[in-house]
Amino acid sequence: MTTLMMILGIVVFVIGLLFSIAWHELGHLSTAKLFGIRVPQYMVGFGPTIWSRKKGETEYGIKAIPLGGYIRMIGMFPPGPDGKIEARSTSPWRGMIEDARSAAFEELKPGDETRLFYTRKPWKRVIVMFAGPFMNLILAVAIFLGVLMTFGWNEQTTTVGRVSDCVILASENRSKCEKGDKAAPAKAAGLKAGDKIVAFNGERIDDWTTLQSRIRDTIGPATITVERKGAEKDLHATLTKNQVSRIDGDGEYVEGKYDYAGFLGFTPASGIVEQSFTESVDRMGEMMQNGVESLIALPSKIPDLWDAAFGDGERKQDSPMGVVGAARVGGEVFTLDIPPENQIAMMLFLVAGFNLSLFLFNMLPLLPLDGGHIAGALWESLRRKVARVFKRPDPGPFDVAKLMPVAYVVAGIFVCFTLLVLIADVVNPVTIS
């Protein structure tokens, strides 16, 4: 049964992956057609074609390897300086440029002269290339907001999970009491696991962040109002000054850092809490920020990834994960002993996270990514505006094909990194903690 659920989870994730890819390419396709660019192909996946059908001037199809997708637009690169599409060069770098230029025109038909990608104004090309990643961003935001506002977010609550027996310095990293330890204020006041704290010193409290702040700001007597078995009850505690883990501006604990503050002595319970629209938007902002920081930190994680793949290194929870690893996690989600709605929510979060990653990754200003083409169009626009200001001749379209040698290097790095992640996902995968 567990194996069957694992397979089902993988299949569901792969379907979500294929939809995300198709949705991305639909953004490119729809805007390209909107601006009159001819698109001969719209494909989901790479490798051998499994199924295809031609409708109008575009062939729509699915390929065997679900690791991406593409649309083919006529005239992605302008002709060479001599106006020719094809030329031969003994230089391997020049050959790359000429091959790319030739491929951009290989399906040119009579009448296509006015339907070439490079002939469109830079702002139109920016829209076409940005539309793909933007579709992933829309899908990610829609899923995140939908799940957060209808299902909720797992967070610490004002309900008591466990009451400490004694006062222990946070830096001592122990849970058992020793001789000489003072009784925890919460224990002495009669606080019990399952109590829901609804007020602190008369102030109504409905979230853990506020309650934690009030506790840390208080040293001495305090009145704690709890909800127990449907009725409210006032408890009286004398909070003591103790060493506690430092928290940052986002309410996260800072490892190895401590402060002295008010101490009550209990661990809050975690639970699924529905988020308001504002709270959901804030969560989305945090996810976007974390995504950008993770992307920037990607090179620094390669050594740990190498050790995890080829050595005896531990595979960290924040380690980069590829499609295979994500599919495996998707399978694990369906094997967890949790309610079905929790499994669905986790799977949706996984697909949403994948779409957010697609958006951020594709916006890198490097060829062959969408961001590289956007950067080329913006540079062309800037060159032409500068030429107009100084009354110089129009420099014409920016020849992105000249950057193809760089694009091949970038693509080679991406392929090597993808293979490293793939090996790590197989031999030392990330698992759900």
Side-chain angles (χ1 to χ4, degrees), residues 11-79 85-86 99-143 323 327 351-352 354-355 358-359 361-363 367-374 376-377 397 400-401:
V11 170
V12 171
F13 175 79
V14 170
I15 292 173
L17 171 67
L18 290 174
F19 178 80
S20 301
I21 295 170
W23 183 248
H24 174 104
E25 299 304 333
L26 180 61
H28 291 314
L29 177 72
S30 57
T31 49
K33 287 182 174 291
L34 177 66
F35 295 133
I37 302 167
R38 190 164 77 82
V39 184
Q41 273 192 325
Y42 168 94
M43 290 289 170
V44 177
F46 297 116
T49 300
I50 298 175
W51 170 88
S52 71
R53 177 175 296 176
K54 190 166 185 178
K55 185 176 181 181
E57 62 187 14
T58 304
E59 179 190 9
Y60 301 86
I62 298 175
K63 291 182 174 287
I65 306 173
L67 296 179
Y70 65 91
I71 67 167
R72 292 185 62 187
M73 294 182 285
I74 296 297
M76 283 289 291
F77 308 115
I85 295 172
E86 293 189 22
D99 288 342
R101 203 187 311 282
S102 176
F105 289 87
E106 66 181 6
E107 294 189 32
L108 190 66
K109 296 180 178 180
D112 282 345
E113 294 79 7
T114 60
R115 304 188 64 190
L116 304 175
F117 176 78
Y118 83 89
T119 62
R120 295 302 179 263
K121 292 181 179 180
W123 67 268
K124 290 185 177 180
R125 278 179 276 153
V126 168
I127 290 176
V128 172
M129 300 313 298
F130 179 68
F134 186 60
M135 293 290 272
N136 292 124
L137 180 62
I138 290 175
L139 186 58
V141 170
I143 294 175
V323 173
V351 173
F354 175 79
N355 277 271
L358 272 182
F359 168 75
F361 185 71
N362 272 287
M363 290 309 297
L367 286 174
L369 301 175
D370 295 329
H373 290 282
I374 292 172
V400 181

Original post:
Please walk me through it: do I37 and V128 pass side-chain contact (heavy atoms from CB on, under 4.5 Å)?
Top reply: CA-CA 10 Å; I37 302 167; V128 172; 4.3 Å; yes

Original post:
With a 4.5 Å heavy-atom cut-off, do T49 and I62 have their side chains touching?
Top reply: no

Original post:
Below 4.5 Å, heavy atoms only, C-beta onward: do M363 and I374 meet side chain to side chain?
Top reply: yes

**OP:** Identify which one of T31, L369, D370 satisfies the side-chain contact (heavy atoms from CB on, under 4.5 Å) criterion when paired with M129.
**Re:** D370

Which atom names give the shortest non-hydrogen contact between [X] and [Y], and what distance separates them?
X	Y	result
N355	A140	CB-CB, 4.0 Å
G36	R120	O-NH2, 3.1 Å
G27	A131	O-CB, 3.2 Å
P133	N362	CG-CB, 3.8 Å
S20	N136	O-ND2, 3.4 Å
P122	A377	CB-O, 3.5 Å

**OP:** With sequence neighbours excluded, tell me which residues meet ring pair (Phe, Tyr, Trp, His ring centres under 6.0 Å) with F361.
**Re:** F414

Subject >> Contacts of type ring pair (Phe, Tyr, Trp, His ring centres under 6.0 Å), residue F134, not counting sequence neighbours >> reply: F130

**OP:** Could you list all the ring pair (Phe, Tyr, Trp, His ring centres under 6.0 Å) pairs where at least one residue sits in residues 25-49, not counting sequence neighbours?
**Re:** H24-H28, F35-W123, Y42-Y60

Excluding sequence neighbours, so at least two apart, what forms side-chain hydrogen bond (donor to acceptor under 3.5 Å, both in side chains) with [X]?
X	value
K124	none
R115	E57
T119	none

Counting distance only, does the side-chain N/O of [X] pair as donor-acceptor with the main-chain N or O of [Y] below 3.5 Å?
X	Y	result
R72	M43	no
K63	P48	no
T58	V39	yes

Subject >> Stepwise side-chain contact (heavy atoms from CB on, under 4.5 Å) test for L17 and V323 >> reply: CA-CA 9 Å; L17 171 67; V323 173; 3.5 Å; yes

Original post:
After noting the C-alpha distance and the side-chain angles of H373 and V126, does the key distance pass the side-chain contact (heavy atoms from CB on, under 4.5 Å) rule?
Top reply: CA-CA 8 Å; H373 290 282; V126 168; over 6 Å; no

Original post:
Passes side-chain contact (heavy atoms from CB on, under 4.5 Å), F19 versus L139? Steps please.
Top reply: CA-CA 10 Å; F19 178 80; L139 186 58; 3.9 Å; yes

Subject >> Gap separating the CD atom of Q41 from the CD atom of E25, nearest 0.5 angstrom >> reply: 11.5 Å

